[in-house]
Every structure is written in C-alpha cells, then in structure tokens.
Amino acid sequence: MAPAYLLAGVSAAGAAGCGRETDLAGVVCSLGCKIVELPVTYLGLPLHSGAIPKNKVQGLVDKVVARLPAWRGSMMSRGGRLVWIKSVMTAVPIYAMMANGIPTWAREEIEACCRRFLWAGADASVRGKCAVAWPVVARPYEFGGLGVLDLRLMGLALQVRWLWLQRNPADDGRAWTELPLKVAPEVRCLFHASTNFEVGNGQQTLFWKDRWIVGSSVEDIAPALISLVAKRTRSSQSVAVALQGNQWIRELRGGFSVQAISQYLKLWDAVREINLSPSTPDRLLWRWSSDGHFSV
DNA sequence: AGATCAGAATCCGATTAAAG
DNA sequence: CTTTAATCGGATTCTGATCT
C-alpha cells in the first residue's frame with residue numbers, strides 16, 4: 001500500500017478539544033497515514049495552508065543558481081552557455097511551475113540569472129553587455145529569438161494543463177475533477193480562448209460559458225443576456241440540462257433591454273439547430289493543434 | 001582617438017491590488 | 001479598513017558600435 005500523508009494543522013485540532021483528537025486518531029488508524037504539521041515539503045514542493053512563504057520560493061531560485069557550472073562558464077563559448085541555459089537552467093523550475101506556479105519575482109530572478117550567464121559569463125555585471133533584450137532571446141528561432149524557454153508563457157501553459165485535465169470528458173475519473181481549481185484569471189482566459197467543445201450528449205459542456213456553438217460561447221453571442229442569468233447557473237448549467245425543454249429560457253430573470261431581445265433571438269436561432277446525441281460524450285478540442293489535443 | 005549614440009538592465013518612487 | 005506585496009513608469013548606469 002502506498003504511503004499517504006494526512007496533513008493537518010495540529011495546533012488547530014488540539015485547540016478543538018480531545019473529542020476531535022480521538023476522531024483524528026481513528027482516521028489515522030484506518031488510513032495508515034501520519035500527521036504532519038504545515039508547512040511541509042511534499043514530493044519536493046512546499047505545501048502550506050496559506051500563501052507559500054518567501055524563503056521556500058527562494059530555495060527554488062537557489063536551486064537554479066546552483067545549476068550554474070562551477071567555473072561560471074568562463075571556459076564556455078556563448079553558444080555553449082546558451083545550450084546549458086536551454087537544457088539545464090530552464091528545466092529546473094518546470095516542476096514547481098506545473099504544481100503551484102511561481103511568483104513573478106522568482107521568475108524574474110531566474111531569468112536574470114540566465115541572462116547574466118549568457119551575456120556576461122563569469123563577469124559579475126551584465127549591464128550594457130546584452131546584445132538583445134531578454135524577451136527577444138526567449139522567443140522561438142522563427143520569431144527572431146534564440147529558442148530559450150519563455151518561463152512566463154510556459155508557466156501559463158502548465159497551469160492551463162490542470163484546467164484541460166479537469167474539463168476533458170475523454171479523461172474523466174480523476175478524484176479532484178469536481179473540486180474548485182485555483183488558477184490565475186489569465187490562465188482561465190487562455191484556456192477559454194484556446195478551447196472549443198464539440199457537443200455530443202451535452203453533459204460535460206457548460207451552456208453559458210464554454211465555446212460550443214460553432215466556436216463561440218453564449219457570452220460571445222449574447223453578452224447582454226448573460227447578465228440576466230444567476231452567476232451560479234452560469235458556471236454550472238450543462239448544455240444537456242439547458243436544452244431540456246428549453247430550460248435556458250427560464251433562467252433569464254429581470255427586464256429585457258432592446259439589445260437583450262435581439263441577442264435572445266440570435267441565440268434562439270443558434271440553439272434551435274442543435275441536436276444532442278445521447279450516446280456520444282462531449283469532446284474538448286484544443287484550437288491551436290491540428291489533432292485538437294493539448295500538450296506541453 | 002575621442003565623442004556620441006543606441007539598447008538594455010537596474011534602481012527608485014508612486015500607484016494599484018490583494019490579503020488579513 | 002489597514003498593511004503588505006506587486007506592478008508600472010521614469011531616471012540612471014553601463015558597454016559596444018559608429019561617427020567625425
């Protein structure tokens with residue numbers, strides 16, 4: 001049996017009284033796990049009840065710095081240092097970026113480290129030695145860069161991956177699928193802008209938010225109409241439920257503006273043509289790849 | 001050869017956003 | 001509602017390339 005860790009704020013549980021303590025002991029007994037006080041390092045990552053403290057993140061930055069060659073590249077050509085950056089330096093933070101994401105300051109410190117190494121080598125200062133700005137270096141060759149990984153964009157992509165795994169109907173059966181996922185708003189925007197749903201039985205697709213009507217969402221077609229729907233409904237009602245006896249129309253509350261009426265008619269037209277096929281599940285498609293799959 | 005220019009990093013203060 | 005952190009814009013600093 002795989003070892004499991006039950007992580008709990010022991011001080012909080014202790015304050016709650018001994019009744020809780022015995023409950024806890026029962027859980028520990030039946031699960032065969034142990035109790036650790038937060039914060040803790042789990043699978044090489046800092047785990048914390050609140051925000052991850054700065055010194056834990058600093059440890060990650062230090063790990064990248066430690067990967068600099070001992071002689072600081074004084075014996076390496078600039079091309080050699082570039083290869084080192086691409087294959088070693090930028091690979092170190094990938095794991096942490098995938099799990100939690102890393103704060104802006106940490107990413108900038110890692111980039112500054114790579115920048116100093118590439119342009120200045122063993123010299124301490126990089127001022128005035130950079131041939132081109134770092135955002136240019138971090139572009140693919142075909143866009144005039146040196147093909148170094150852009151850590152900000154890679155971080156976004158790695159976070160989008162969680163949303164993809166959560167929403168992909170072809171990939172269900174994950175225990176955390178129904179749990180709320182905490183990602184940055186721009187990650188959600190990127191996911192929304194990059195994905196289409198191909199509706200089958202309509203159970204996995206959100207009627208109001210997802211892009212499922214020939215590449216656009218209800219939000220795109222009828223922005224004025226959206227405000228008449230309860231927030232909770234917007235983020236939970238599936239296409240299947242909404243189309244069942246035109247339930248979606250009953251979700252519209254409040255007075256219609258002229259604009260809303262015209263958008264309502266437009267949406268009515270678009271939705272009328274949709275036929276669900278109960279036997280096929282919905283499909284989630286990544287718009288930027290030919291096979292519709294997301295990969296990083 | 002010396003002056004000047006261009007491009008980039010870094011520093012610093014002010015504004016804005018988030019957390020408790 | 002206050003404190004703290006993040007972000008932004010402008011000023012400064014630095015070096016190599018170019019011009020006179």
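Note on naming: letters A, B, ... go to the chains in the order of the sequence lines (proteins, then strands), and numbering restarts at 1 for each one. We use all heavy atoms of the structure for the numbers below, so side chains are in, but hydrogens, waters and symmetry mates are not.
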Name the nucleic acid region contacted by Trp134(A), choosing base, sugar-phosphate or nothing; use a 4.0 angstrom heavy-atom cut-off, strictly under. sugar-phosphate

Is the Trp248(A) ring parallel, tilted or perpendicular to the Tyr264(A) ring (thresholds 30°, 60°)? tilted

To the nearest angstrom, the CZ-P distance between Arg152(A) and dA6(C) comes to 17 Å

Using 30° and 60° as the class boundaries, would you call the ring planes of Trp164(A) and Trp286(A) parallel, tilted or perpendicular? perpendicular

- Query: Does a side-chain N or O from Arg115(A) land closer than 4.0 Å to OP1 or OP2 of dT10(B), or not?
  - Reply: yes

Q) Under 4.0 Å between a Lys/Arg side-chain N and an Asp/Glu carboxylate O for Arg272(A) and Asp269(A)? A) yes

Atom CH2 of Trp119(A) and atom P of dA8(B) are separated, to the nearest Å, by 10 Å

Separation of dA9(B) atom P from Leu118(A) atom CG, nearest Å, is 11 Å

Taken to the nearest whole Å, CH2/Trp105(A) to C1'/dA18(B) is 17 Å

Separation of dA6(C) atom C1' from Glu108(A) atom CD, nearest Å, is 10 Å

Arg116(A) side chain N/O closer than 4.0 Å to the phosphate oxygens (OP1, OP2) of dT10(B)? yes

Check your understanding: Without hydrogens or angle criteria, can the side chains of Ser217(A) and Asp210(A) be said to hold a donor-acceptor pair below 3.5 Å?
Key -> no

